[in-house]
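Okay, so here's the structure we're looking at.
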Amino acid sequence: MSQYPDFAFEINQNEFLAAGAREVHAVVTLTATAVDAASAPAPASYGAPSGTENVEVIIIDCSGSMDYPRTKMMAAKEATKVAIDTLSDGAYFAVVAGTEGARVVYPTGGQLLRADYQSRAAAKEAVGRLHANGGTAMGRWLGQAGRIFDTHPHAIKHAILLTDGKDESETPADLARAIQASIGNFTADCRGIGEDWEPKELRKIADALLGTVGIIREPARLAEDFREMMVNSMGKEVADVALRLWAPKGATVRYVKQVSPNLSDLSGMRVPGDNPLTGDYPTGAWGAESREYHICVEVEPGNIGQEKLAGRVQLVAKDAAGATLLGEGKIRAVWTEDTDLSTRINGRVAHYTGQAEMAAAIQEGLDAQAAGDLDTATARLGRAMDLAVESGHEDTVKMLRKVTEVDPATSKVRAKAKVDKGDAMELEVDSTKTVRAKRN
Amino acid sequence: MTIESGAEAALGTLPGAPSAPARAREADPAMPLQLTCPNCGATDLVMEQGARFCEECGYGVDEPVTGDEEPSEYLGPKPCVSCGGTEIDDEGYCTDCGDLQPRRRDRMEVNLTVVAGISDRGLRHHRNEDSMALRPVVGLDGRNLVVAVVCDGVSTSERPDEASAAAVSAAAKLLLTAIAAGTPEPAAEPGTAPDTAPNPAHTVPVETVVMATVPNAGAAAADAPVAADAADAADAGGVRPADLDLISRYAVADADRAVSDLARDADHGNPPACTYVSAIVGEEVTVSWLGDSRAYWLDERGTSRALTKDDAEEGSHAIEAWLGADSGSPEPHLARFTPEGPGVVLVCSDGLWNYVEKAEDLAALALPGALADPFGAAGRLVKKALDSGGHDNITAVLVPYPVQASAEPTA
């Protein structure tokens with residue numbers, strides 16, 4: 001059967017709590033190292049490495065607006081061709097043209113084909129014939145992708161979704177239902193091109209399907225972005241990995257968030273485990289990569305000197321055998337009267353607490369700015385600027401400068417009354433990217 | 001008193017035994033003690049002369065019990081100390097409430113009914129550096145005695161927990177063996193043993209203030225065979241009941257050697273060290289000590305008192321005598337006295353008496369419950385110290401007096 005990457009599992013926390021304290025924080029760092037090609041079983045003639053199978057669905061928005069300007073549609077076709085060329089040999093793939101419906105433009109025979117010279121050429125030809133004409137119903141696009149993936153239930157399943165507009169041809173409830181139906185079936189990265197799409201809409205899809213959101217302001221940059229996404233997707237070696245968290249009776253899991261490379265709150269995705277104290281939080285597919293998670297558990301305070309296991313964190317691969325343990329660690333709580341110990345804040349926990357606060361400040365600040373509430377916008381964006389500077393988040397600092405100005409009277413940062421829409425969208429999309437914590 | 005009323009009720013039903021209540025009131029020191037096996041929980045473990053093993057599980061009954069033994073396969077896993085959950089994971093966490101279970105040495109509990117003890121880490125120390133060893137034993141004359149030893153590792157020394165554990169085991173083993181065998185023979189080879197013909201200066205027990213307050217002490221000492229007599233008797237082929245003063249001194253010498261053997265070059269001048277206090281409770285009470293661990297006599301007649309006097313300046317915790325490689329082979333203090341009625345002997349570390357120092361206060365906490373349930377009383381004493389702050393390790397061993405078979409007689 002398939003081999004799994006090696007996972008390095010590390011937990012950083014300050015386990016010491018003051019008397020009566022209930023909140024326990026920890027940052028889990030997971031680093032997967034690729035399966036050694038030499039030790040992997042010999043691939044079948046077309047098999048993907050290490051016996052896993054990849055299925056990729058590329059969904060291209062073909063609504064009428066993609067032709068205004070024409071560069072968007074041209075860039076979309078070009079980027080899709082680059083993505084097809086980037087597919088690993090042997091990976092299954094499909095291209096879907098998204099409008100108010102969702103048409104599979106490749107393959108047309110109803111059965112998925114593996115990527116090879118012939119299938120790539122045929123697919124690229126089909127992509128070349130795409131034209132913009134119709135509406136936008138992303139829920140139906142996801143539904144079509146889901147039906148394609150259903151033919152290969154045990155594969156590593158990933159979709160790329162590109163749009164240039166809002167989800168206008170269906171109701172928000174339609175989209176929500178489609179997202180719900182896709183959870184656990186496949187993962188998806190979403191890209192918006194131009195300035196007429198809604199970042200919050202794509203964020204909903206990407207968060208639920210454990211992917212990223214990106215903004216393409218320059219159509220010429222789309223091809224490189226697609227290539228990167230495809231390389232990343234083809235590098236996945238294990239399809240369905242979950243963080244399994246045990247917390248003691250009486251405890252409340254306040255949150256489980258992915259905090260690196262980007263923020264994503266997994267708290268609402270808990271799937272109950274065999275034991276009422278255990279739940280699984282999906283993390284999607286993994287290749288050779290490193291991610292970090294911030295977990296906060298609220299426990300009943302213990303006596304001074306008592307140690308409690310506040311959480312046991314396991315990384316498990318869901319597979320035919322049920323679940324395979326890839327790594328585990330403990331979140332501890334020790335109550336002490338020694339304030340030198342209990343007031344210490346773990347560097348990683350502090351760093352990602354700051355990053356989460358920065359993301360929230362940016363989103364609240366931009367919302368206030370859009371609503372014309374400049375006082376709130378100034379306060380929140382000012383705070384975001386401080387945090388971005390503190391954590392060395394240079395790209396974010398640059399983007400924040402575009403939506404703020406220095407008040408000549410006070411020489412303090414204040415929100416601009418009028419901002420470029422693309423600048424605001426770019427900042428919003430960027431806000432959940434985090435800077436990795438430095439090694440302690 | 002629970003013991004008497006229980007005994008009267010039980011014995012009163014026996015036909016043709018009119019003297020039974022009287023017999024129960026005046027303890028029969030030779031009536032075989034019936035214990036609960038500390039290993040398998042069998043309740044019919046009879047302490048008779050020559051008894052070596054529990055008939056149920058083969059557990060050696062001549063070994064001192066310390067509460068630090070490997071958990072018995074017979075008794076099953078202990079439930080969670082916090083929530084009562086029944087599953088504890090391999091790392092010692094309760095799988096229900098997550099609380100880390102105490103390590104074995106953090107809370108050692110022994111309940112042998114005729115003697116019981118608890119040794120607790122307390123709330124401030126990272127480990128329990130106290131140790132205890134206890135057990136009843138049948139003397140050569142068929143009388144029941146109880147041995148209790150408590151040692152408190154010196155915190156500034158290296159591996160003080162190992163020191164106290166080695167000391168209580170060595171001392172208790174020697175005492176139990178010597179009492180059962182009836183000879184004051186030291187366990188070590190003659191060359192390294194303390195002088196077999198003790199220095200005359202040491203044949204007389206160290207006189208203490210305590211001794212002076214005990215009217216019977218002189219008479220009791222006079223009744224006991226002196227070392228030379230015992231040795232003569234052994235040479236002549238006759239064996240007499242052990243000389244408790246002498247074996248107490250040998251026990252200290254053995255314990256001192258056991259602790260000294262733990263010393264290593266890397267100890268930087270602080271080899272493992274500990275205090276020492278032992279009590280042998282029979283018709284009389286023989287105590288022996290070094291440092292600031294104590295023995296008390298507790299009763300309800302207003303004659304509770306300390307039986308030991310610390311080897312330390314008044315109000316200071318800097319002890320002036322201890323066991324270990326740098327101890328200078330100290331001679332222990334010895335004291336003995338014969339109680340005038342029921343009570344309980346308490347052997348304890350300073351983690352207890354730091355909070356409750358006066359004998360009458362200790363008696364008020366322990367009695368009258370300690371007479372029938374010394375384990376429950378030890379629990380109350382330890383809890384008092386914990387509730388008062390638990391700054392040090394706490395050890396309390398209680399021996400009800402007189403030593404006698406339980407209130408439920410066997411056929």
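Residue numbering restarts at 1 for every chain, and letters A, B, ... go by the order of the sequence lines.
- For A/Q180, the CD atom sits in a loose shell: 12 or fewer heavy atoms of surrounding residues, nucleotides or ligands are nearer than 6.0 Å.
- Using a 4.5 Å cut-off between heavy atoms, B/E91 contacts chain A through its side chain alone, with no backbone atom that close.
- Heavy atoms of B/C94 lying under 4.5 Å from chain A belong exclusively to its backbone.
- A 6.0 Å sphere centred on CG of A/N303 holds no more than 12 heavy atoms belonging to other residues, nucleotides or ligands.
- Contact of A/E300 with chain B is not made at all, since no heavy-atom distance falls under 4.5 Å.
- Contacts with chain B were tallied for A/R312, A/Q306, A/K308; A/K308 has the most, counting heavy-atom pairs under 4.5 Å.
- Aromatic rings of B/W353 and B/Y296 (six-membered ring for Trp) have centroids beyond the 6.0 Å cut-off, not under it.
- By the 4.0 Å N-to-carboxylate-O rule, B/E357 lies close enough to B/R294 to be salt-bridged with it.
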